[in-house]
Every structure is written in C-alpha cells, then in structure tokens.
2 protein chains.
Amino acid sequence: MSVPSETFALVQKHDGYSGKAEGPSIESLDLYLDAATIPLQDLSDGQVLIKMLMASINPSDLHYIKGEYGHPRVKGAAAGFEGVGEVVAANGAYAQSLVGKRVAFTVDPAGSGAWADYAITAANVCIPVREDMRNEDAAGHVVNPLTAMAMFDIVRKSETSSFIMTAANSQLCKLMTALGRDENIAPIAIVRRPEQAAHLEELGARHVLCSTSDDFQDSIRAVMKQEKPRVLLDAVANQVSADIFAAMPNRARWVVYGKLDPQPPAFKEMGQFVFMEKRIEGFWLTRWFMSTPPEEQIRIIGEVQERFVSGKWQTEVGATIRLKDAMSDLADALRNANGKVMLVP
Amino acid sequence: MSVPSETFALVQKHDGYSGKAEGPSIESLDLYLDAATIPLQDLSDGQVLIKMLMASINPSDLHYIKGEYGHPRVKGAAAGFEGVGEVVAANGAYAQSLVGKRVAFTVDPAGSGAWADYAITAANVCIPVREDMRNEDAAGHVVNPLTAMAMFDIVRKSETSSFIMTAANSQLCKLMTALGRDENIAPIAIVRRPEQAAHLEELGARHVLCSTSDDFQDSIRAVMKQEKPRVLLDAVANQVSADIFAAMPNRARWVVYGKLDPQPPAFKEMGQFVFMEKRIEGFWLTRWFMSTPPEEQIRIIGEVQERFVSGKWQTEVGATIRLKDAMSDLADALRNANGKVMLVP
C-alpha cells in the first residue's frame with residue numbers, strides 16, 4: 001500500500017496549559033478540538049505509522065485537551081493518547097519488524113494522536129497484541145491495565161487486607177476490583193450512584209458505598225472498623241476523599257491519581273500525619289514507565305494480555321463512536337455511557 | 001539519703017483526649033493542671049527515681065496536657081515529658097548502676113512526670129550526661145535535639161540543597177538551622193515576627209521570610225525559584241504551610257511534625273501529587289525511637305552532646321520558672337519568652 005501523507009483527526013485548538021482545574025467533564029468537544037485533515041510528518045528513526053482500528057478515551061485524554069494535564073497541549077496536533085491499530089510504515093530496523101502487526105500503543109510526545117485515521121508513535125512503546133485478544137481490550141491495553149497493576153502493587157505491599165477506591169465504576173476500578181477478588185484483598189468501592197453497586201459486587205467488590213446516600217458517614221465508619229483498609233486509591237480528590245482518609249486507621253496511604261472534582265478539600269486532621277503515620281502521595285503512569293525496569297514491564301504486559309484473553313478481565317464498552325461523528329456525539333456519550341467510550345475510523 | 005515517698009508536682013486534671021484540636025497555646029495553666037503533693041509509686045524493676053534539676057517545656061507537653069497528643073492523659077499524674085536530674089534510687093541491676101549520676105531523660109508512660117521535684121522513668125531511657133554539658137542543654141537533650149537530627153536526616157536524604165522550616169524561631173528550628181549551616185544545605189526560615197529575622201540569620205538561615213508581611217507571597221516565589229527546596233519541615237500545618245507546599249518544586253515533601261494552628265488548610269493543587277510527585281507525611285519522635293536501632297540512637301546521642309559542649313548548638317533560655325510559681329507565672333512566660341522556658345525545683 002502507499003503510505004498516506006495526511007490524516008483525518010480530532011485536532012487541538014489550544015496550546016499549553018489552561019491554568020484552570022475544572023476536571024475532565026466535557027460540555028462540548030468544540031471548545032477544545034476541531035475535526036480536520038492534517039499532514040503527517042515524515043517518520044523519524046524509531047517511529048511507526050499506525051492505521052487505527054480503535055482508540056479508547058481515558059480521563060487523562062480529557063484532562064489533557066482541557067489543558068489540565070502533566071504536559072502542555074500542542075495546537076494543531078491530533079488528540080488521543082491510546083489505541084490499537086496496524087503498523088503500516090516504519091523507520092528503523094526494530095520499527096520495520098512491526099510492519100503488518102496489530103499493536104496496542106500510547107502516543108509519545110513526538111508522535112501524532114490516536115483520535116485519527118492514522119497515528120504516529122515510537123516503536124518501543126508499541127505492544128504486539130495476541131491474535132485472541134479483542135480490539136476492545138487492546139484499545140485500552142496500556143493506560144488502565146498497567147495503572148491497575150501498578151496501583152494494586154501498592155496495595156499488595158501495604159500489608160492491608162482491604163483497599164478503598166473512589167469513582168469505582170470506572171473501567172480502571174473494575175480491573176482493580178477483579179485483582180482484589182483474585183488475590184483476596186477486599187475491594188471497597190465508593191460510587192455516586194446506587195444503581196452501580198450490584199454490578200461491582202458481581203465483579204468482586206466486598207462493599208459498595210454510595211457517597212450521595214444519607215447514611216454514607218455511618219457506612220464508612222462501619223466498614224473502616226470491619227476492614228481497616230490502609231490504602232485509598234483516589235481519582236476524585238475532593239472533600240469526600242479527605243473525609244474517608246481522615247476515617248482510615250493508622251498508616252493509611254492516600255494515593256491520588258486523578259482530580260475528577262475541582263473542589264479543593266480541607267484537611268481537618270493534620271495531626272494524623274504525625275501520630276498515625278498517614279501520608280498522601282500520587283500515582284502517575286508516566287513516572288511508572290520511567291522507574292520500572294523494561295523486563296518487569298514486559299512481564300506485566302504479558303500478564304495483562306493473559307487476564308483479558310482468559311476472561312479474568314473484560315473491557316466493558318458503553319459506546320462506540322465513529323471518528324467523523326465525534327464532534328457531535330462524543331461529549332454526550334462520555335456523559336451518558338455506562339462503560340468505556342471507544343472511537344473507530 | 002532517704003528515698004522520698006511523695007513529690008510536689010504539676011498534676012493533670014483530666015483523663016484521655018479532649019476531642020479538640022486547639023493547638024498548644026495555653027490561656028491559663030489551671031484549666032489543665034493543679035499544683036499538688038502526690039504519692040510516688042514503688043519503683044518497678046528497671047525504673048529509677050530522679051531528683052529534678054531542670055525540666056524543659058516543649059509544645060508536645062502542652063498538646064498533651066490539653067488532650068491533643070498521640071496518647072491519652074492520666075488524671076492525677078504529674079505532667080512533663082523531659083528534663084535532667086540526679087538518679088537517687090533504682091530497682092534492678094542496670095538501673096542501680098545509674099544511682100548518683102546526672103541523667104537527661106524522658107518520662108515513659110509507666111513513670112511519673114518531670115514537672116515535679118521527683119520524677120520516675122525507665123532506666124533504659126536515661127542518658128548519662130557529660131560533666132561539661134550545662135543543665136540548660138541537658139534539660140532538653142532528647143526531644144528537640146533528636147527530632148532535629150532525625151528530621152535533618154530526611155533533608156539530607158532528599159537530594160536538596162535547601163529546606164524550609166515554619167515556626168522557625170523555635171529552639172528546634174534553631175538546632176536545624178545550625179545543622180543546615182554546618183552541612184551547607186540552605187535553611188529557609190518562616191517566622192511570624194520580623195524582629196526574629198536577624199538572630200536566625202546570625203545562626204545560619206540563608207533566608208528568613210515573615211508570613212505576616214505584605215510581600216510574603218512574592219518573597220516565597222522568589223526564594224523557591226532561587227533555592228528549589230524539596231523539604232518543608234512544618235510545625236504549623238495551616239493554610240500558609242499548604243500554600244508554601246503548593247509553591248514548591250517537583251518531588252517536594254511536606255513533613256508535618258506539629259499543629260500549632262488549629263485552622264484546617266485547604267488544598268488547591270491536588271494534581272501536584274500526581275504530576276509533580278509531591279507527598280505529605282509526618283514525623284513523630286516516638287516512632288523514630290521505635291524504628292531506629294539502639295546503636296544508631298547511641299551514636300546520635302553522642303553527637304548531640306558533642307554539639308552542645310563544643311558550642312555548635314546552644315539552648316537559648318527565655319525564662320526559668322520555679323515549680324512553686326508555675327501556676328501563676330508559666331502561661332505568661334510561655335506567651336512572652338523569646339527562647340525555651342525551663343522549670344526548676
């Protein structure tokens with residue numbers, strides 16, 4: 001086939017950071033993106049061109065296009081951090097070896113985004129995908145599964161028999177719920193809508209508490225007493241999270257990995273850092289990649305594929321949107337879908 | 001000499017915790033203590049009876065008598081965690097070997113407090129004091145110097161060329177300022193009163209910033225840019241501390257060791273835990289004792305005595321109050337003294 005020199009894509013309208021902290025909710029996509037055809041740069045040494053099969057949409061993508069993520073936006077560049085596709089061109093020996101293969105990947109800063117017909121990234125962040133792995137699972141192979149594995153490792157090393165998750169109806173938390181179930185470390189799920197409880201219990205959550213219910217404070221206290229969870233994996237970082245943390249026992253760790261709610265929490269129990277050995281820290285997958293040896297990453301990637309193919313994990317898709325319909329349909333789908341939203345060419 | 005069976009002491013009026021978090025300021029001592037003569041228990045195996053020479057007063061003593069510390073008050077028991085005195089009676093072989101010696105000590109929970117003519121504690125927490133060490137330095141041998149050594153070790157291990165201290169006019173911070181000066185890690189001192197700056201600079205502070213001055217925010221930003229401090233050693237834990245932490249660079253650690261201000265701080269930058277690898281933790285000397293090998297503790301104690309005797313450290317005494325005058329005079333002295341307040345029999 002001939003190598004394309006341009007691609008249809010969802011293209012960023014803004015440069016740099018917004019200076020705001022609104023969280024990842026999207027009112028309307030055209031505040032941040034345009035649908036446009038843009039030129040594809042020539043491949044540098046070590047890069048591959050990927051014909052997209054499916055892109056997943058993560059909260060980090062939305063934080064990013066809003067200018068509230070860990071690195072700055074680039075105006076005119078395609079959005080989208082993650083997806084699965086077929087390598088159709090490459091530059092360099094290792095990159096060439098991937099041509100014709102189906103790969104899961106994230107887009108590195110030198111590349112071109114995944115919300116497009118074609119994406120560009122570094123060959124060394126491409127993961128060849130087993131034939132028996134669905135596109136739905138491969139499209140979200142990297143961000144959620146590796147975050148789940150890495151954060152569950154924090155839980156595993158914290159000498160605790162249970163852990164708490166906020167925003168627990170997310171795909172990420174469903175993966176961690178299954179890990180807790182399989183390793184007998186009780187998942188405690190915090191959700192905002194009571195109708196989400198039954199399915200999370202099915203997946204393995206020992207307790208599901210609804211933060212909007214009247215008896216939430218009592219339920220939290222009762223569960224703390226019973227389970228003594230030492231780790232809070234938190235995507236929300238608001239007052240509810242702070243209050244949960246304050247109710248946790250000695251040596252509790254609050255691991256912040258997202259900021260879904262822009263409200264700044266107040267800390268009423270600063271003395272707990274002193275007397276109860278509590279701490280607050282963060283998790284960012286980008287840092288995990290930099291600090292985890294490659295052979296350990298490869299081992300974990302193999303485990304991820306095995307979990308999906310064997311059915312221990314399953315990506316729950318809430319909506320699949322065609323790229324050309326994204327400007328009109330995507331924001332609604334993100335608001336209403338019960339499960340992952342996927343983009344397809 | 002005959003062994004006394006009772007002691008004059010400042011005796012706690014309340015049991016347990018107050019459930020409040022007002023901080024260590026004391027309006028009037030008789031809200032919490034009575035001056036009274038109480039019986040001295042028989043010495044258990046391993047205990048010593050100490051004739052007091054001088055007791056130091058730390059914020060932790062005040063937190064404790066107010067019911068806001070890490071362990072509960074005991075009604076009827078003498079207050080006071082720390083002091084220096086002569087061992088006049090003992091039970092057990094090692095304890096007996098200390099009789100006649102001048103020792104610095106803290107009072108363990110089974111003992112009887114240091115704000116008294118006689119105190120009881122465990123022989124194994126007594127530190128024999130060199131003859132050339134002043135009572136003023138020996139009375140505060142344990143809490144501040146070991147906290148200074150331990151927290152400065154956190155600074156040393158944080159790959160930083162500077163560190164920040166709040167409430168920096170305290171005796172503890174003066175010790176840490178001298179350590180920073182001697183090891184060329186720039187101390188940045190935050191104070192509330194501008195007249196405290198000159199003396200702290202003399203002791204070795206590279207910068208002294210006054211949190212009540214109009215240009216505090218600008219000064220903080222300028223100093224952050226210049227020094228890039230990675231550690232905040234914080235006794236205050238209020239909004240000023242939280243704002244300083246938010247202005248610190250990547251990988252900043254906020255180490256809380258006190259809560260002088262009861263105000264709960266709000267955190268406006270929760271995303272910094274994720275993207276900037278920041279964290280909040282605490283320091284409590286009690287935990288340091290439990291987790292540090294005895295031989296390491298002994299090495300550090302030797303270093304502490306050497307620093308005091310050589311003049312690298314000096315305890316600055318602001319007021320010395322006689323035990324029998326404490327009920328009327330101590331609260332005022334704590335409010336007004338510029339330096340440590342000491343109690344003498």
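Quick note on labels: first sequence line is chain A, next is B, and so on, each numbered from 1. Hydrogens, waters and symmetry mates are skipped; everything else that's a heavy atom, side chains included, is used. Worth saying up front: this structure is predicted, and the values here are computed from it rather than measured.
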From OG1 (A:T286) to CD (B:E277), nearest 0.5 Å: 11.5 Å

Check: A:Y69 ring centroid to B:F275 ring centroid under 6.0 Å: yes

Under 4.5 Å from any heavy atom of chain B - which part of A:E68: backbone

Contact winner vs chain A - B:A266, B:G258, B:P262, B:G282, heavy-atom pairs under 4.5 Å: B:G282

Heavy atoms from other residues, nucleotides or ligands near CZ of B:R193 exceed 12 (cutoff 6.0 Å): no

Options A:R279, A:R287, A:E281, A:K278, ranked by heavy-atom pairs under 4.5 Å with chain B, top entry: A:R287

Heavy-atom closest pair, residues B:F273 and A:V256: CB-CB, 4.1 Å

Side chain / backbone / both / neither for B:F283 at chain A, heavy atoms under 4.5 Å: backbone

Residue, of A:V255, A:V274, A:D234, that accumulates the most heavy atom pairs under 4.5 Å with chain B: A:V274

Atom group of A:Y257 that falls short of 4.5 Å from chain B, counting heavy atoms: backbone

Heavy atoms of other groups near A:E296 CD, more than 12 under 6.0 Å: yes

Proximity breakdown for B:K268 and chain A, heavy-atom pairs closer than 4.5 Å: both

Within-4.5 Å side-chain heavy-atom neighbours: B:P264 and A:M270: no

Contact winner vs chain A - B:G271, B:A237, B:P265, heavy-atom pairs under 4.5 Å: B:P265

